[in-house]
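One structure is given below, encoded as structure tokens.
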Amino acid sequence: MKVLCGIGGSDDSVRALERTVERAAAAGDNLTVAVVENPDSSTDVDALVERADDAVDGAGIDAEVRRVEGDPGTRIIEIAEREAFEEVVLGGGHTSPMGKITIGPIAEFVLLNAKTTVTLVR
Amino acid sequence: MNERRYPDETAGPFPAPPIEFTDREGRAVEIRQFDGSVESTEALAEMYIEFDPSDRAQGIPPGTESRVREWLDDILGGDCLNVIAWCDGEAAGHATLVPDGDAFELAIFVHQTYQRAGIGTRLIRGLLGYGQCEGVETVWLTVERWNRAAVSLYEKIGFETSNAESFELEMGLRLNEPPGDDDIESAADG
């Protein structure tokens, strides 16, 4: 399957990256990792690209890690449609100190606007 | 994460527990601080294990007994502040403040048997009274935006919407003034 995994540096996006790479290695997915600029994340984009490269190399798969500029939600949907991805994978939300799950604005936008299947990783 | 915003004005004052009242169904209810006992913990576990899954919000209370117990372990310990509404020896409702850096996150649950009887309003006021006594400065919560009953309860208490850009509304309340220059001066004088 042709899978686009969008990450912006939040903890849940890093979890989504790890699980998607793992799954791609097991299932033979054609994976692209899109590193977006998440204004709510303090993680540096270069560090995140490096982290994604390491994850891909570690799993021994051949996946593209791509830096994506501009509005994260809009860009992820645009790439998914233009390049005929079958699935978009994103982080499945942040857990508050109380244990409440909240879904970030990027995931919410993609979920409501994408034409492809969207997977949120918990 | 973006900085959370809070109202400038302090809300309340709110009454501290214990608080006794008769609910709209004529039941005697008492709101008390959580006392740390095994009995109280068990009463809460029982309330949450029986909790109607359709009233869950954003993943809590959790759906299985073992996960309810893990969750209670987290929110009944440490610097968390908890109050329980008791009715006839049962936990009818529970409200909690969980530390989050300088602020506290609030949640409240009333068991289905005891809903729509005015217990939630008393319970949240009791929790905020407890928090006010303990010197809590700011409180925030998230609520699903379609949950109008909850949103209007929080607004009535004094919560103001601080972020409306997601599925969930984020609301904030100020319980105590931050220690200002005046306080420092008067402390020095004393």
B:D88 atom CG, over 12 foreign heavy atoms within 6.0 Å: no
May I ask you to check whether over 12 heavy atoms, not counting those of A:D11, lie within 6.0 Å of atom CG? no
When you look at CZ of B:R174, are more than 12 heavy atoms from neighbouring residues, nucleotides or ligands closer to it than 6.0 Å? yes
Any residue of residues 108-135 of chain B which, by heavy atoms, sits under 4.5 Å from chain A: none
Please examine the side chains of A:P105 and B:F167, heavy atoms only from C-beta on, and report whether any two atoms are closer than 4.5 Å. no
Let me know if B:L97 has heavy atoms under 4.5 Å from chain A in its side chain, its backbone, both or neither. neither
Just distance, no hydrogens or angles: give the donor-acceptor pairs under 3.5 Å from side chains in residues 78-93 of chain A, sequence neighbours left out.
residue: A:E78; atom: OE2; partner: A:R75; partner atom: NH1; Å: 2.7
residue: A:E83; atom: OE1; partner: A:R66; partner atom: NH2; Å: 2.9
residue: A:E83; atom: OE2; partner: A:R66; partner atom: NH1; Å: 2.9
residue: A:E86; atom: OE1; partner: A:K2; partner atom: N; Å: 2.6
residue: A:E87; atom: OE2; partner: A:T119; partner atom: OG1; Å: 2.3

For B:D35, does the CG atom sit with more than 12 other heavy atoms under 6.0 Å from it, leaving out its own atoms? yes
Among residues 142-155 of chain B, which residues come closer than 4.5 Å to chain A, judged by heavy atom distances? B:T142
For residues B:A57 and A:K100, report the shortest heavy-atom separation together with the two atoms involved. O-CG, 4.4 Å
Can you tell me which portion of B:D100 sits under 4.5 Å from chain A's heavy atoms? Options are side chain, backbone, both or neither. both
Name all pairs fulfilling the ring pair (Phe, Tyr, Trp, His ring centres under 6.0 Å) condition that reach into residues 60-101 of chain B, sequence neighbours left out, sorted by first residue then second. B:Y48-B:W71, B:Y48-B:H94
Minimal non-hydrogen separation, B:I75 against A:M98, with atom names: CG2-O, 4.2 Å
Kindly say whether A:I101 contributes a backbone atom to a donor-acceptor pair with the side chain of B:Q58 at under 3.5 angstrom? yes
Count the heavy atoms of every other residue, nucleotide or ligand shown that sit under 6.0 Å from CG of B:D52, and state whether that count exceeds 12. yes
Checking heavy atoms, do the side chain of B:E105, its backbone, both or neither come under 4.5 Å from chain A? both
Examine whether an atom of B:P62 lies under 4.5 Å from a heavy atom of chain A, and if so say whether it belongs to the side chain, the backbone or both; otherwise answer neither. neither
When rounded to the nearest 0.5 Å, the distance separating OG of A:S96 from CD1 of B:I60 is 6.5 Å
Just by modelled atom types, is the A:T102 backbone N or O under 3.5 Å from a matching donor or acceptor in the B:E168 side chain? no
Indicate the atoms forming the closest heavy-atom contact of B:P99 with A:P97, along with that distance. O-CB, 3.8 Å
I'd like to know whether CG of A:D44 has more than 12 heavy-atom contacts from other residues, nucleotides or ligands below 6.0 angstrom. yes
